[in-house]
J.: 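Have a look at this one before I ask anything.
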There are 2 protein chains.
Amino acid sequence: MSVQERKERERAVRERLIVATARELAEHQGWDAVTTRRLAERIEYSQPVLYSHFRGKREIIGAVALEGATEMAAALRAAASAADGPRARVTALARAYLDFAERNPAVYDAMFQLDGGLAFAKEDTPEPLKDAFAALLESLGEVAGDGVHPGLFTEVFWAALHGLATLTRAGRLPPGDAERRVELLVDRLAVV
Amino acid sequence: MSVQERKERERAVRERLIVATARELAEHQGWDAVTTRRLAERIEYSQPVLYSHFRGKREIIGAVALEGATEMAAALRAAASAADGPRARVTALARAYLDFAERNPAVYDAMFQLDGGLAFAKEDTPEPLKDAFAALLESLGEVAGDGVHPGLFTEVFWAALHGLATLTRAGRLPPGDAERRVELLVDRLAVV
DNA sequence: GACTCGATCCTAGCATCGCTAGACAAGCGA
DNA sequence: TCGCTTGTCTAGCGATGCTAGGATCGAGTC
């Protein structure tokens, strides 16, 4: 029994190594540089080993996305809990969201831009994704306003943040006015 | 002279055929199905012909994006001009934007999700893209509110629309409540 | 302690991708 | 009619995601 346990442990370690290496490679050189060959070379195994852990490249992206979702949820909660009052909490939340997207572009892409083969807005949505949304909901629900469903409000606010994050990073929005855009967004959307 | 003119005319026709074929292929089978080989086969020329019109696949995507931007600008202006009053105009504009994204997913991807090698938010931004933004600005500038820069307001509103469009289509948002989300967005952001 | 056998991993290869070099033919001007 | 430019095609390069099949290694058994 002990032998099998050791093997499973080693497999788990290697799987984490794959995900971490994929993430690092994507963060430094972009997802285009994350090829199965390069990834295999980095972890010092041959290509087919990757396929004994994941169905394919998509699932590797998905694994990075889940890891990122967990981190994002933590970052959002940390930012929210450090602020006093609903209004300040929402501002801090928005800044933390955009900050996360800017600091971890590859992870953000894995979560929302690339196809990681993950289900969303369904019952079989992976837990980390649900939890990241929940982290948003916790703070945003307070400022949804009377008669507005908190979930719906969170969706709209999230969409706005997502739009700002992606358009800014793609060079579609001038980078200078980021802070003013956040203030405007919170000013108008949040009911305090 | 006349010979050369005829050749140029034929070249222009063929270039439009390439763009139209790429768009059609992308709209029916997704951008992944738009390979240079398949595209060449559809237009009944060999692969290298594509490269005598465009530098590469990126530029073909960019051409589809520009075509889409022109159409989107027209659609937005049409919707806005058919509505009475600033508030109704903004609602119509938002609906038209999301409608365009939903009806032309491949074109929308070419414009905002894929790399078409286009410059944004700079002086050398292609005219169609500037014009599409201008079409948004025309209606949204009216409801920016006192002391808020119309351009900044338009950017934020646009980002929100873009977020709704992409997240909805990627299955990240439940498709049912689209209309309620638009109403909430217009209600809060627009100052009437 | 030798052996069997299953798990594990690697070499090699497939089809396809974007892109390009070089051969070839067609049609222009002289 | 001839020469030459212009245009097009065939063939191929390196790289991609993914997989089949053989080699190797080590655990468990006599």
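All values below come from the heavy atoms of this structure, side chains included, with hydrogens, waters and symmetry mates left out. All figures in this text were calculated on a predicted structure; none of them were measured in a lab.
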J.: Can you list, in residue-number order, the parts of residues 35-48 of chain A that come under 4.0 Å of DNA chain D, counting heavy atoms only?
T.: A:Thr35, A:Thr36, A:Arg37, A:Arg38, A:Gln47, A:Pro48
J.: Applying ring pair (Phe, Tyr, Trp, His ring centres under 6.0 Å), can you list everything that pairs with B:Phe112, at least two apart in sequence or on another chain?
T.: B:Tyr108, B:Trp158, B:His162
J.: Which residues in residues 11-32 of chain A have at least one heavy atom lying under 4.0 Å from any atom of DNA chain C?
T.: A:Arg14
J.: With sequence neighbours left out, what residues match A:Asp109 under side chain to side chain donor-acceptor pair (under 3.5 Å)?
T.: A:Arg169
J.: Rounded to the nearest 0.5 Å, what's the gap from CG on B:Asp187 to CZ on A:Arg188? Could you check?
T.: 13.0 Å
J.: B:Glu179: what forms a side chain to side chain donor-acceptor pair (under 3.5 Å) with it, not counting sequence neighbours?
T.: B:Arg95
J.: Can you list the residues that meet the side-chain contact (heavy atoms from CB on, under 4.5 Å) rule with B:Asp146, with sequence neighbours excluded?
T.: none
J.: Just to verify, what does A:Thr154 make a side-chain contact (heavy atoms from CB on, under 4.5 Å) with, not counting sequence neighbours?
T.: A:Phe133, A:Leu136, A:Leu137, A:Leu140
J.: side-chain contact (heavy atoms from CB on, under 4.5 Å) with A:Ala22: which residues, sequence neighbours excluded?
T.: A:Val34, A:Leu39, A:Ile60, A:Val64
J.: For DNA chain C, find the residues of residues 49-68 of chain B with a heavy-atom distance under 4.0 Å and give them by number; none if there aren't any.
T.: B:Tyr51, B:Gly56, B:Lys57
J.: Scan for side chain to side chain donor-acceptor pair (under 3.5 Å) pairs involving residues 68-81 of chain B, sequence neighbours excluded, and state none if there are none.
T.: B:Arg23-B:Glu71, B:Arg77-B:Asp131, B:Arg77-B:Glu138
J.: Quick one: salt bridge (charged side-chain N to carboxylate O under 4.0 Å, His left out) pairs with a partner in residues 40-66 of chain A, sequence neighbours left out?
T.: A:Arg55-A:Glu59, A:Arg58-A:Asp115
J.: Just to verify, what does B:Leu118 make a side-chain contact (heavy atoms from CB on, under 4.5 Å) with, not counting sequence neighbours?
T.: B:Ala65, B:Leu66, B:Phe120, B:Pro126, B:Leu129
